[in-house]
Amino acid sequence: MPQFGLRDNLIKCELLKNEDLYTYLEDFSFFLGTYNVNGQTPKESLHPWLSCTPYPPDMYCVGFQELDLSKEAFFFNDTPKELEWTKAVSEALHPDAKYALVKLVRLVGIMLIFYVKKEHAEFISDVEAETVGTGIMGRMGNKGAVAIRFRFHNSDICVVNSHLAAHIEEYERRNQDYKDICGRLQFRQLDATQPPLTIMKHDVIFWIGDLNYRISELDVDNVKELISKKDFETLHNYDQLKRQIDEDAVFVGFVEGDIDFQPTYKYDTGSDKWDTSEKCRVPAWCDRILWRGKNIKQHHYQSHMALKTSDHKPVSSLLVTGIKRVNSEAYKKTFEEIVRNIDKMENECIPSVTLAKREFHFKDVKYMQHQAETLSLFNDGQVPCQFEFIQKPNELTYCKPWLTANPPKGFIAQGGSVEIELEVFVNRSTAPDLNSGKEQIEDILVLHLERGKDYFISVTGNYLPSCYGTSIRALCHMREPIQDMPQETLRELAEMSANENTVNTEKPLDIPKELWMMVDHLFRNAIKQVRKCVCFFWGVFLIEGSCPAGSNHSVAEALLLFLDALPEPVVPFSFYQQCLEICSNVISMLPQCHQNVFNYLAAFLRELLKNSSSNRLDVNILGKNRKHIAVKAPSFLNVLLLAVALFFSQHVELLEGNK
């Protein structure tokens, strides 16, 4: 139904409330499969896995993990493994039906493929795919999830394929990965005015993947003994995922079928033998399939020992799900009755709301730290009402860039209420003017009711200036903390930084004291750490692993954030063309404070290289990865400059232009 305003929104809402009057359930079968292929290419037919059911399923959702373990997979979008495994899947689908590929989505080595019987394809709509990385530094794609959402008849379905953190002791990290995926993975809607859909906003959710939960509190011999006895029920009691679900730590509301097959990890590649390597991994059910929703029955849940390509065994589940379909005659009757009732209501009165509060004050707002207040609206009128925050005269948006209202528009049923989150968030684009005092945390929101009046909401607050978003030149003229300086002084320093001809009689610091404190801390505490921890400085890891928690990592993050937030990069924008035209003596042409910062950071890099015997970092590592880092993590390039063949975050065009 077209979205043309309050009336149509209300009709849609009433239709959803009365859905049971015009829909009925019809069963459809979903084949779900997950396989960690350990970076291998397909060496055998997948038919024993994908065609194990007597009748062809209506849909296939096939997930892979560790599709490609090469370093190149982190930096490039394409990998030959994608085509190889997709071809192997398409050749192994059930031979008694014809299938259409609906969607494929991949994040590094995590891939999800969605097929549907051709006769059902016309009933598939609103298909969207998204990815979220939870790996290195909480963002890289070596771990994370890919997901596909779609509408089938009258049901919204979401399929998630995830690869969570490894190692037996990291179950809490796996819990956090799950929460991060649920919180960060969002699908855009066709109606751009509507907020994104999260995973949990679907009627049916299928979750597959290498969840990496292990068997704990039993040694490897005890585990293998229980497996040999096929006492999977006892063994399952020591499964970390079962325990975390029982404690409501993860997958609340999800269901997993009974496990009556042996653990799917870890085997010697090419065999059915348990891991005989030096590590001798304890067998575990790493590969799992869960679901959430009503009217779902599991017909099988099994592993497939015949496949020996990987150190994992693939797992499959056949779920028969009741999908809502529409009865056309019943729909027409319900629709007409709703329209008659709305016609009657529209003639009775105009909309109005009560605001619980009209003034909001945000105290001590800080850079990159969210603050939120709740605006409560109550519909005290006789009819439903539609609200929207509207622009003020001569303004392009309804609010300042540091402020958002969520949702910015919507409607409230008669006697109903809605809560709107007013959120203040200062980022690199808004911080400079707030630091200097050119802008204040002050705004007026105009809340408009369709066919009703406008309400005015005051938003005020105080911003705590910081070095983030303050220019290098201004920081070099600050000898005391920025928050202790008068607002007028900060405004003068900002104007001085913007005008290169302005002369300050007081001798400035050679480099900002904040930059010195961070680099000095890293120099004293992290200079000899192994390469895993030195590579965080580039924002990309060259080997799998995570930097140990502690102040060194936090200071490095703060340094990267500081450089990323600079209003003017270390090599100012005005010098870009000169950098491209001449590669010598460019640094000597920079403003003195920028030149000092460049030389200071370059000296720190030289110290890192001097300690290469301890931190395993060398020139080749810096050189051969600089372009990949520029593409994948431009904000982290702010650390290096032309002289060491790397550039700062805002200098990506320099890098591309000076190959």
Side-chain angles (χ1 to χ4, degrees), residues 3-14 16-17 182-183 186 189 191-198 200-201 341-342 345-393 395-427 430 434 439-464:
Q3 304 298 302
F4 291 128
L6 172 62
R7 183 182 177 87
D8 292 321
N9 279 329
L10 180 58
I11 292 173
K12 181 178 180 180
C13 179
E14 290 298 314
L16 289 173
K17 285 167 60 177
C182 290
Q186 298 181 333
Q189 298 202 61
D191 182 358
T193 64
Q194 296 299 313
L197 284 174
T198 60
M200 298 303 169
K201 295 289 186 180
N341 290 334
I342 291 175
M345 284 194 301
E346 283 184 336
N347 294 326
E348 291 181 353
C349 59
I350 62 173
S352 68
V353 296
T354 298
L355 282 65
K357 187 178 177 182
R358 297 198 187 199
E359 295 182 354
F360 294 86
H361 183 77
F362 293 84
K363 183 180 179 182
D364 294 343
V365 178
K366 299 178 181 178
Y367 180 75
M368 293 286 281
Q369 291 192 14
H370 293 262
Q371 280 200 36
E373 294 278 352
T374 300
L375 167 62
S376 297
L377 305 181
F378 173 72
N379 185 348
D380 57 0
Q382 298 301 310
V383 293
C385 67
Q386 180 164 303
F387 67 87
E388 180 180 5
F389 290 99
I390 61 173
Q391 302 164 7
K392 297 180 284 293
E395 294 192 9
L396 298 177
T397 59
Y398 71 86
C399 66
K400 297 288 182 66
W402 42 261
L403 176 64
T404 55
N406 188 28
K409 62 193 303 185
F411 72 95
I412 316 172
Q414 178 187 355
S417 62
V418 67
E419 291 187 345
I420 301 172
E421 287 289 314
L422 301 181
E423 183 180 273
V424 171
F425 182 70
V426 177
N427 57 22
T430 55
L434 288 168
E439 284 285 341
Q440 303 291 330
I441 303 293
E442 291 179 358
D443 200 2
I444 300 292
L445 297 178
V446 182
L447 180 69
H448 173 72
L449 298 187
E450 185 172 309
R451 298 190 306 114
K453 65 178 184 178
D454 293 340
Y455 299 83
F456 297 92
I457 298 146
S458 171
V459 177
T460 60
N462 67 296
Y463 180 69
L464 299 180

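The figures here come from the full heavy-atom set of this structure, side chains too, leaving out hydrogens, waters and symmetry mates.
- With contacts defined as side-chain heavy-atom distances shorter than 4.5 Å, the pair Asp443/Trp402 qualifies.
- Pairing each heavy atom of Cys399 with each of Leu403, the nearest pair is SG-O, 2.8 Å.
- Residues Pro351 and Glu450 are not in side-chain contact: their nearest non-hydrogen atoms beyond the backbone lie 4.5 Å or more apart.
- Summarising the geometry, atom NZ belonging to Lys409 is positioned 10.0 Å from atom CZ belonging to Phe387; distances are rounded to the nearest 0.5 Å.
- Closest approach of Leu422 and Ala405 over heavy atoms only: CD2-CB, 3.8 Å.
- For Lys366, the NZ atom sits in a loose shell: 12 or fewer heavy atoms of surrounding residues, nucleotides or ligands are nearer than 6.0 Å.
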**Q.** Phe425 and Met368: CA distance, side-chain angles, deciding distance, side chain to side chain contact (heavy atoms under 4.5 Å, CB included) verdict
**A.** CA-CA 6 Å; Phe425 182 70; Met368 293 286 281; 3.5 Å; yes
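- Annotation: the span from Phe362 atom CZ to Glu423 atom CD amounts to 8.5 Å, rounded to 0.5 Å.
- Using a 4.5 Å heavy-atom threshold, the side chains of Thr354 and Leu377 count as separate.
- The only member of Ile444, Leu445, Leu375 that meets side chain to side chain contact (heavy atoms under 4.5 Å, CB included) when paired with Val459 is Leu445.
- From Asn379, atom CG reaches atom CG of Leu449 across 8.5 Å, with rounding to the nearest 0.5 Å.
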Q) Could you go step by step and tell me if Leu447 and Arg358 meet the side chain to side chain contact (heavy atoms under 4.5 Å, CB included) rule? A) CA-CA 11 Å; Leu447 180 69; Arg358 297 198 187 199; over 6 Å; no
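- A side chain to side chain donor-acceptor pair (under 3.5 Å) with Glu421 is found for exactly one of Thr404, Thr374, Asn406, namely Thr374.
- Taking both residues in full, the closest heavy atoms of Val365 and Tyr463 are given as O-CD1, 3.2 Å, listed atom of the first, atom of the second, then distance.
- In this structure, the separation between OG1 on Thr397 and CD on Gln391 is 7.0 Å, given to the nearest 0.5 Å.
- Residues Lys400 and Glu439 approach most closely at NZ-OE1, 3.8 Å, considering heavy atoms.
- Shown here is Lys17, whose NZ atom has no more than 12 heavy atoms of other residues, nucleotides or ligands within 6.0 Å.
- Shown here for Asp380 and Ser352, the closest heavy-atom pair between the two residues is OD1-OG, 2.7 Å.
- Asn462 has its side chain within reach of Asp364: a pair of non-hydrogen atoms, C-beta onward, lies under 4.5 Å apart.
- Judged by distance alone, with hydrogens and angles left aside, the side-chain atoms of Gln382 form no donor-acceptor pair with the main-chain N or O of Gln414 at under 3.5 Å.
- The backbone N or O of Val353 lies less than 3.5 Å from a partner atom in the side chain of Tyr455, making a donor-acceptor pair.
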Q) Can you check side chain to side chain contact (heavy atoms under 4.5 Å, CB included) on Ile390 and Asp454, steps first, answer last? A) CA-CA 9 Å; Ile390 61 173; Asp454 293 340; 4.2 Å; yes
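- Annotation for Pro407 and Glu419: closest pair CD-O, 4.1 Å, computed over non-hydrogen atoms.
- The closest donor-acceptor contact from the side chain of Gln371 to the backbone of Lys363 lies under 3.5 Å.
- Note that CG of Leu355 is 5.0 Å distant from CD1 of Ile457, once rounded to the nearest 0.5 Å.
- At least one donor-acceptor pair under 3.5 Å links the side chain of Asn427 to the backbone N or O of Thr430.
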